[in-house]
Structure formats: C-alpha cells, structure tokens
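See structure below.
Keep in mind that the numbers below use all heavy atoms, side chains included, and drop hydrogens, waters and symmetry copies. Counting starts at 1 for both ligands and their atoms, in listed order.
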Amino acid sequence: MTTPRERVESLRAEIARHNEAYYARDAPTIPDADYDALLIALRDLESEYPELASEDSVSRKVGAGSTTVFSEVAHAEPMLSLDNVFDVTELGAWAERVAKGLSLDLEQIDFAVEPKIDGLALSITYEDGVLVQGATRGDGRVGEDVTDNVRTIKNLPKQLGAAHRGRVEVRGEVFIAKSDFLALNEHQRSLGAKEFANPRNAAAGSLRQKDPAVSRERPLSFLSYQLVDLDGSMSFDRYAQTIALLSRWGFLTASEMKVVHGASLMIEHSTWFEEHRHDLLYGIDGVVIKVDDLAQRDVLGFTSRAPRWAIARKLPPEERATRLLAIEVSIGRTGRATPYAVLEPVLVAGSRVSMATLHNEDQVAQKDVRPGDLVIVRKAGDVIPEVVGAVREPGKRRKSPWKFPTTCPDCGHPLVRVGDESDTYCVNPACPAQQLQQIIHFASRGALDIEGLGESRVAQLLAEGLIGDVADLFELRVEQLSSLEGLGELSATSLVEAIEGAKSAPLSRVLVGLGIRHVGPVAARELANTFHSYDALASSSLEALEAVEGVGPVIAASMYDYCREPENQERMRRLTKSGLSLREPQVTSAVVATLATRAVVVTGSVPAYSREQAEEAIVERGGTSPGSVSKKTYCVVVGEAPGASKVNKARELGVPMIPASEFERLLATGTWITTIT
Ligand code: IVH
C-alpha cells in the first residue's frame, strides 16, 4: 500500500515529466485527457490532505519554464490558465458558483461561449498602434520574446487603427488551420522533409524558429480572445465589445463565439461545439465559457492560477488507446518503405481507425512502440490517423523492439537507407508494389485523371500482365480488355477512350503523374511553363533547372537525374510514340479564376501592389474592380489610408471588408478568414 504522501509525490513527478514533454519539447507522450486526469487526482489528494499541499506544487503552476534561447519577457499581467470541467454536470456546477458569487439567478447571467483553440498562447504588445513585441506564455509570468517570428504571421495586424494611442496587449492563440496543416505536411513530404506530428506542434515549432524566414514559410494564424488595456485608458462594459474592437482592428476572432443569456443556453451552445468541432477551420480541444459583463468579472476575481469568471469545457478526448497488433511496411510509388501500425479498430474523431502511419524507422524507434503495446492513437490535424506513443503497462512484458525489415516485403530486394535521410527505399524499379502505386498515381485526379482507372482496375491489369509501366496503358486495346472480369465491350471501350483522352494532357500533369521525387504540382507547373516541352526540359542543364523559380537544387537534381536514367528515357520515348503531347499550352497567365464575375473594390494601398497591379490581379482572376461600392460588391479590400466613403458605404450595405493582409488569400482562394467590422 502506498501512503498519500507517496502518491502525491509520484503524481507530481509524473506530471512534471509530462509538462516537460508537452511545453518544453512540444512532444506530448500521453493524451491530454489522461494528463488532466493526473492533475485532477493530484488536486483531489492535495485538498483531501492539506498538509501535503505546497505553494510550488505542479498543480498550481501553469506550463513549464522556457528552455530555449529566446530572451525572457516578463508579462505585464500574468498569463493565466483556465480551470477545466469535463461534462455538463460540472459545467452546471461552475455556473452555480458564478451565480452564487454574483448573487444572481443562473438564468440572469450573460455568457460568452467560444472555441478553445488547440494552439499556443501568445501575447502581442502594441505601442501607439505599432506592434512592438510578441511573447509566448512560458510559465505564465515570464515568456519568450518571439517578436521577429510573430511579425511573419500573415493574418496578424502589424498596425492598429491609426487613432489608437498608448499601450495595449492583445492575447490569443497561434495555430495552423487544419487545411493549412495538411498542405504543410504535403509540402514537407514533397520536399522529402520531416512531417509534423500535429498542427499544435507545427505551430509551436514554427513560432520558436531561430530564423524568422523559416517562420514566414509556415502557415501560422493568430486568433485573438483577450484585450489587455495596459494604460487603463479604454472603457468597456462587456467582453463582446472588446472582441468587436479587436475584429475592427483586423484581428481574427472566433466567428462561432456567441453571447447567450442564461446558463441553459450557455450549456446548449457549448454542446453545439461537440457536434461541429470537426467542421471548424482550426482544431479545438474544448469550449471556453466566459462571463460577458466585465464588472461581474471583477466581483468574481481569480484563484492563484485561473479566473473564476471563465472555465474550459474539455471535449471528449480525440486521442484513444488501442492495441498495436503489428507493424507492417508499405511500398509507395517512389519505392519509399513506410512503416504503419495495424491496430485493433478504434473510434477516433468520428471515424474507425485500424491503421496509422508511423512515418519512418526513426519514428518507430523514437516512439518505441512494439507489437502488443497499448498505444495512443489520434488524428493529426483532425484527419490523418497516427500513433502518438505507447502507454506504459507496469508489470507487462513487452516484445523486443521492432526491427525495420532489410528486404522489400513485395519483391524481396534489399531495402536501402541513404546517408542521413530518415527514409528507407526499395530501389528495384521492377518492384510490383511500386509499379502499382506509380500507375495508380499516374491515373489519379491530381495527375492525368483517367476515368475508370482506379486502384482495383490497375491492380487487375497488373495481375493479368497487361501493364507493368505507365507507358503500357497507351497500348491497351479493347479486345484485350473486354474479356476481363467486370469489363464488358462497352466499359472496355470507354476505358480505352479515357486513356486516349489523356494523351493531350499538359506536360505539367504528366510530370506530376510520373511521380518524380521532390517534383510536386507547383514545381511541375513552373518547370513546364519555363521549358514548354519535355524535350526542352530533358535537354536543359542542371543550372538552367535550378534557375527556375520555385525549383531549388534538390528538385532540379532529381529532375535532371530522372531525364538521364535509361529506363526513364525509354518510357518517355514510348509515351511520345504513343502520341502524348508532352507540351505545356502557353496561356497568357497561369492564374485560376478564383474571383470569376465577382466585384472586388480596393481602397487604400495594399502592400507590394500598386493600385493598378491590385486591380489587374483581380481582373486576371476573372473578377472586376469597380471604383465604388454597391450592393453587388463581393468584398472591399481595405488597405493603408482607405477612403472613408467606401468604408462607410460597405458598412451601410453590409458588404464584407477584409484587411489588406488577406489580399493574397483572396486572390488564391476567392475567400478570406478575417474581416473588419
Ligand atoms: S482565455 C485568463 N480563450 O487555453 C484566461 N484561452 O487552458 C485566458 N485557449 O492559456 C485564456 N482558446 O492558450 C482563452 N478562446 C480561448 C482560448 C484559450 C484557447 C488556451 C490559452 C490558454 C489555455 C488555458
């Protein structure tokens, strides 16, 4: 039997270890829900045995200290944490305490209900409207000075409304949007660089880069949820008013935030998030409920670590424990051998997961997961299932560490790991697993988009010995196909026609389809636009390839080598003979009509664009750029020194106004995240 003192000490040690992993190394080893359970167990023990409680217990501290090289910043006001509740009953009990503290009825209180963004807290100080400092939370009292990196956050206003004088601090969460996270990992993959474990870790790592140029490349966003009036010169009655001002200054604020009257509606809206969490732009790990009336907040005050006027309702964990049945290796189209976990099926973030990537040999070793272990599974960016790590099961004998296979599971050739790369490859070009993946990729939507040529059809054609390389596709005849299972005369004819149709595909798509290492869609387009034809591309020098915008030495070398490999030369010769165009049609501009038929009014100056250039960019994307705002205006881009009449008109008509910092996003996607109100 352990004594309460021993239990408290062991819990403190365990929590401190997890704090270190979570806050200092951005590498959590247990699910958040389990961490919270440890903290609750410790607090319960400390309140049951007050003699064991101590001022410096981990239960009273927020986060871990900073361990990086950034200089320290003392926060003007401590950056506190939030207390958590885990269900509606506990939430109701919190509301009761609030009502009691205010001597009001539960249904008389106004609550702001908003998402708890799964990012990291950031404090940004502005002096006379100018951004002067960005700091992480650190231990709540002292954080790290990350000003240079903060300046690279694209949706962050670098300047507040010109009229604002004095010092203010804006606090909020730095995060990477779910879609941006997927694109970032895709980009990392295409560069052969390390993928990020999840959006939070990617955001934390990006913010703590020593080189701001690296931070700039990362799709960081900032959402604000607190205004700290350092001079005490502003007066607000309501939290919602401060959020409205932040939004007017151009900060992103949570559009899902609602101020509701009474505890019943508060609980109802907080439950809404449970159902809709997967539809939000950002990953959330809960809902934050705050008393809206600022005078009421003053009455309620703070405990040593958190305000009494706010609470975080943690949502059910999105990380689950399940049994790791086996570790297998799959061979991709480039021959990369990726280990993956075969799991006892488990429901995670709304879907059943039975497999999860383990990325590479080093990841398996680092996570030290072994077949038979109980492992934690979550969805990175709410999408990709992955194994976080193993759960220790005291007293249980584990299998010996898993060893990466030395030969390809499909063709038996030796697997090769080159230099200091973390990936392992099957280098046998005739490996059937690679052929299958290459042909599937060639026919896929992002490449030649050949209808009727999905995964199972490709596997069937390969198994029948009708194809072994993408060049074989163009030699298939209806007679060969019509006798195959599941393919009659009619569908065989359609398939051959679909393949025929792919012959006119632009070179860029063929390059993507060939799956050349490091050559992703962006580089493929740049290469095709520069050289116009495969012949020109194949005969260009390494230097000429490197000189192409967006093509670095790694991509250039990979492309150069591809063109010189005899086997690839033979493939390209056969594709040419089959009648593939292998040319990039010359369009006047390669832009997409993201703003087709939309009227976008620009007022004030947009950084990096002259007035004409901004209008041209809109017109190029299919939009119009009239000189005045009307009911039909899609949105108004508000730059530096905007025209008052346009802004007033837009406000009057309810036309969305977006800050100039969103202009690039508008051009690229036709939409925006931040609006000015
Ligand atoms: S308010 C004094 N609002 O959650 C209250 N925090 O567990 C300050 N967080 O440190 C925090 N979304 O990093 C607040 N809408 C939100 C939030 C939020 C995420 C984070 C923040 C905070 C932590 C507390």
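- Distance from atom 11 (C) of ligand 1 to its nearest protein heavy atom, with residue and atom name: Tyr225 CE1, 3.9 Å.
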| query | Going through the checks in order, is the side chain to side chain contact (heavy atoms under 4.5 Å, CB included) test met by Ile658 and Val638? | reply | CA-CA 6 Å; Ile658 66 168; Val638 181; over 6 Å; no

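- In terms of modelled atom types and a separation under 3.5 Å, the side chain of Lys367 and the main chain of Val387 share a donor-acceptor contact.
- When non-hydrogen atoms are compared, ligand 1 lies under 4.0 Å from the side chain of Glu114 (C-beta onward) but not from its backbone.
- A salt bridge links Glu46 with Arg12: the distance from a Lys NZ or Arg NE/NH1/NH2 to an Asp or Glu carboxylate oxygen falls below 4.0 Å.
- Ligand 1 has at least one atom lying under 4.0 Å from a heavy atom of Ser81.
- Inclusion of Pro307 in the set of residues having an N or O under 3.5 Å from an N or O of ligand 1 is not warranted.
- From the protein, the heavy atom lying nearest to atom 20 (C) of ligand 1 is Glu173 OE1, 3.4 Å.
- In terms of protein heavy-atom proximity, atom 5 (C) of ligand 1 is closest to Leu82 CD2, 3.7 Å.
- A donor atom on one side chain and an acceptor atom on the other are found under 3.5 Å apart for Ser123 and Glu169.
- In terms of N/O distances under 3.5 Å, ligand 1 is approached by Pro115.
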| said: Could you walk me through whether Arg238 and Asp110 satisfy the salt bridge (charged side-chain N to carboxylate O under 4.0 Å, His left out) test, starting with their C-alpha distance in whole Å, then the side-chain angles of each, then the deciding distance to 0.1 Å, before giving a yes or no? | reply: CA-CA 10 Å; Arg238 297 275 174 166; Asp110 288 333; 2.8 Å; yes

| After noting the C-alpha distance and the side-chain angles of Thr271 and Arg313, does the key distance pass the side chain to side chain donor-acceptor pair (under 3.5 Å) rule? | CA-CA 9 Å; Thr271 303; Arg313 175 181 171 187; 3.0 Å; yes

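- Which parts of ligand 1 touch Ala121 is read off a 4.0 Å heavy-atom cut-off, strictly below it: atoms 13 (O).
- The protein atom (non-hydrogen) at minimum distance from atom 23 (C) of ligand 1 is Lys116 NZ, 3.9 Å.
- Using a cut-off of 4.0 Å between Lys/Arg side-chain N and Asp/Glu carboxylate O, Glu386 and Arg378 are scored as salt-bridged.
- In terms of polar-atom proximity, Arg137 is counted as a contact of ligand 1, with an N or O under 3.5 Å from an N or O of the ligand.
- Atom 8 (C) of ligand 1 has as its closest protein heavy atom Gln226 OE1, 3.9 Å.
- Below 30°, between 30° and 60°, or above 60°: for Phe111 and Trp94 the angle between ring planes is between 30° and 60°, a tilted geometry.
- Of the possible donor and acceptor atoms, one in the side chain of Tyr634 sits under 3.5 Å from a partner among the backbone N and O of Gly670.
- Every heavy atom of Ala310 sits 4.0 Å or more from the atoms of ligand 1.
- Scanning all protein heavy atoms for the shortest distance to atom 12 (N) of ligand 1 gives Ile117 N, 3.0 Å.
- Using a 4.0 angstrom heavy-atom cutoff, Lys290 counts as in contact with ligand 1.
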